[in-house]
Amino acid sequence: MNRIHFFRWAGTIVLIAIWALSLLPGPALPAVPGSDKWHHSLAYFACMFCWGQVFRRPLPRLRLAMAFVAMGILIECIQYFTPTRSFEFLDMAANAIGVTLAWFVVTVQISVGRRMSGAAPPSRPR
């Protein structure tokens, strides 16, 4: 299994986990130490980091980051209509922070990797 396949699988698992854990009834979830906002940031960081490895070009990766921020907002809006979950603006902010940090880390990682290998940056599609 090559690197891209690994991150595609890992990203898919994280994505499914985010949706499942976000929509399951709160009492059904195990207690996890730490702040709820840290959990949100970490989950969205992991998701963006994995998928950022797959989308190596800057514009698709930026679009992906915007899609994950929108997904976090959508999940919070869906939670508003569930009886056991709650809508929180701070959860949306924590999700966006996780995505933004991962986008930055992946962007720097890819840029440094290209410079170290002497590869040219990807050209723009025409």
Side-chain angles (χ1 to χ4, degrees):
M1 175 183 291
N2 70 23
R3 185 174 182 272
I4 298 300
H5 285 113
F6 170 78
F7 280 112
R8 207 175 268 160
W9 274 105
T12 300
I13 290 168
V14 172
L15 198 56
I16 291 168
I18 287 172
W19 277 95
L21 294 173
S22 296
L23 299 177
L24 282 174
L29 299 174
V32 179
S35 163
D36 173 54
K37 304 312 174 235
W38 281 107
H39 299 157
H40 280 264
S41 292
L42 183 60
Y44 280 78
F45 180 94
C47 193
M48 181 62 206
F49 182 84
C50 289
W51 284 104
Q53 303 299 317
V54 175
F55 291 85
R56 308 284 291 176
R57 297 182 62 185
L59 189 56
R61 199 171 49 254
L62 181 59
R63 288 180 181 150
L64 180 70
M66 293 186 313
F68 285 143
V69 170
M71 181 184 86
I73 293 168
L74 174 65
I75 288 175
E76 285 301 314
C77 291
I78 292 170
Q79 286 180 343
Y80 176 80
F81 296 104
T82 63
T84 60
R85 304 301 292 216
S86 63
F87 172 91
E88 291 187 42
F89 285 110
L90 289 178
D91 286 350
M92 288 184 214
N95 299 342
I97 288 169
V99 169
T100 303
L101 288 174
W103 176 85
F104 181 75
V105 167
V106 171
T107 299
V108 169
Q109 170 200 4
I110 290 171
S111 178
V112 168
R114 282 191 183 118
R115 287 186 181 166
M116 298 288 282
S117 69
S123 62
R124 289 182 147 178
R126 295 185 191 252

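Bear in mind the structure is a predicted one, so any value in this text is a computation, not a measurement.
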Q: Give the C-alpha distance, both sets of side-chain angles, the deciding distance and a yes or no for side chain to side chain contact (heavy atoms under 4.5 Å, CB included) between Val105 and Phe45.
A: CA-CA 10 Å; Val105 167; Phe45 180 94; 4.2 Å; yes
(Q) Test side-chain hydrogen bond (donor to acceptor under 3.5 Å, both in side chains) on His5 and Asn2; report intermediate values, then the result. (A) CA-CA 5 Å; His5 285 113; Asn2 70 23; 2.9 Å; yes
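One finds the OG atom of Ser86 at 11.5 Å from the OH atom of Tyr80 (value rounded to the nearest 0.5 Å). How far CD1 of Ile16 is from SG of Cys47: 10.5 Å, rounded to the nearest 0.5 Å.
For residues 8-25, no pair satisfies salt bridge (charged side-chain N to carboxylate O under 4.0 Å, His left out), with sequence neighbours left out.
The cluster map of Ile, Leu, Val, Met, Phe, Trp and Tyr, joined by side-chain heavy atoms under 4.5 Å apart, puts Ile97 and Val108 in the same cluster. Side-chain heavy atoms closer than 4.5 Å link hydrophobic residues (I, L, V, M, F, W, Y) into clusters, and following such links, even through other members, never connects Phe7 to Ile13. Both Leu15 and Phe55 are part of a single hydrophobic cluster, where members link through side-chain heavy atoms under 4.5 Å apart. The cluster map of Ile, Leu, Val, Met, Phe, Trp and Tyr, joined by side-chain heavy atoms under 4.5 Å apart, puts Met66 and Leu59 in different clusters.
Looking at heavy atoms from C-beta onward, Leu101 lies out of side-chain contact with Phe104 at the 4.5 angstrom threshold. Within the 4.5 Å cutoff, no side-chain heavy atoms of Asn95 are placed close to those of Ser41. Using a 4.5 Å heavy-atom cutoff, the side chains of Phe49 and Val14 are not in contact.
Scanning all heavy atoms of the two residues, the minimum distance from Leu21 to Arg85 falls at O-NH1, 3.3 Å. Scanning all heavy atoms of the two residues, the minimum distance from Met48 to Ala65 falls at SD-CA, 3.8 Å.
Judged as a side-chain contact (heavy atoms from CB on, under 4.5 Å), and not counting sequence neighbours, the contacts of Phe89 are Phe87, Met92. Remark: Leu23 pairs with Trp19, Ile78, Gln79 by the side-chain contact (heavy atoms from CB on, under 4.5 Å) rule, at least two apart or across chains. With sequence neighbours excluded, the residues forming a side-chain contact (heavy atoms from CB on, under 4.5 Å) with Leu90 are Lys37, listed by chain and number. Under the side-chain contact (heavy atoms from CB on, under 4.5 Å) criterion, Thr107 pairs with Arg61, Trp103, not counting sequence neighbours.
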Identify all side-chain donor-acceptor contacts of residues 67-75 below 3.5 Å with residues at least two apart in sequence or on another chain.
none

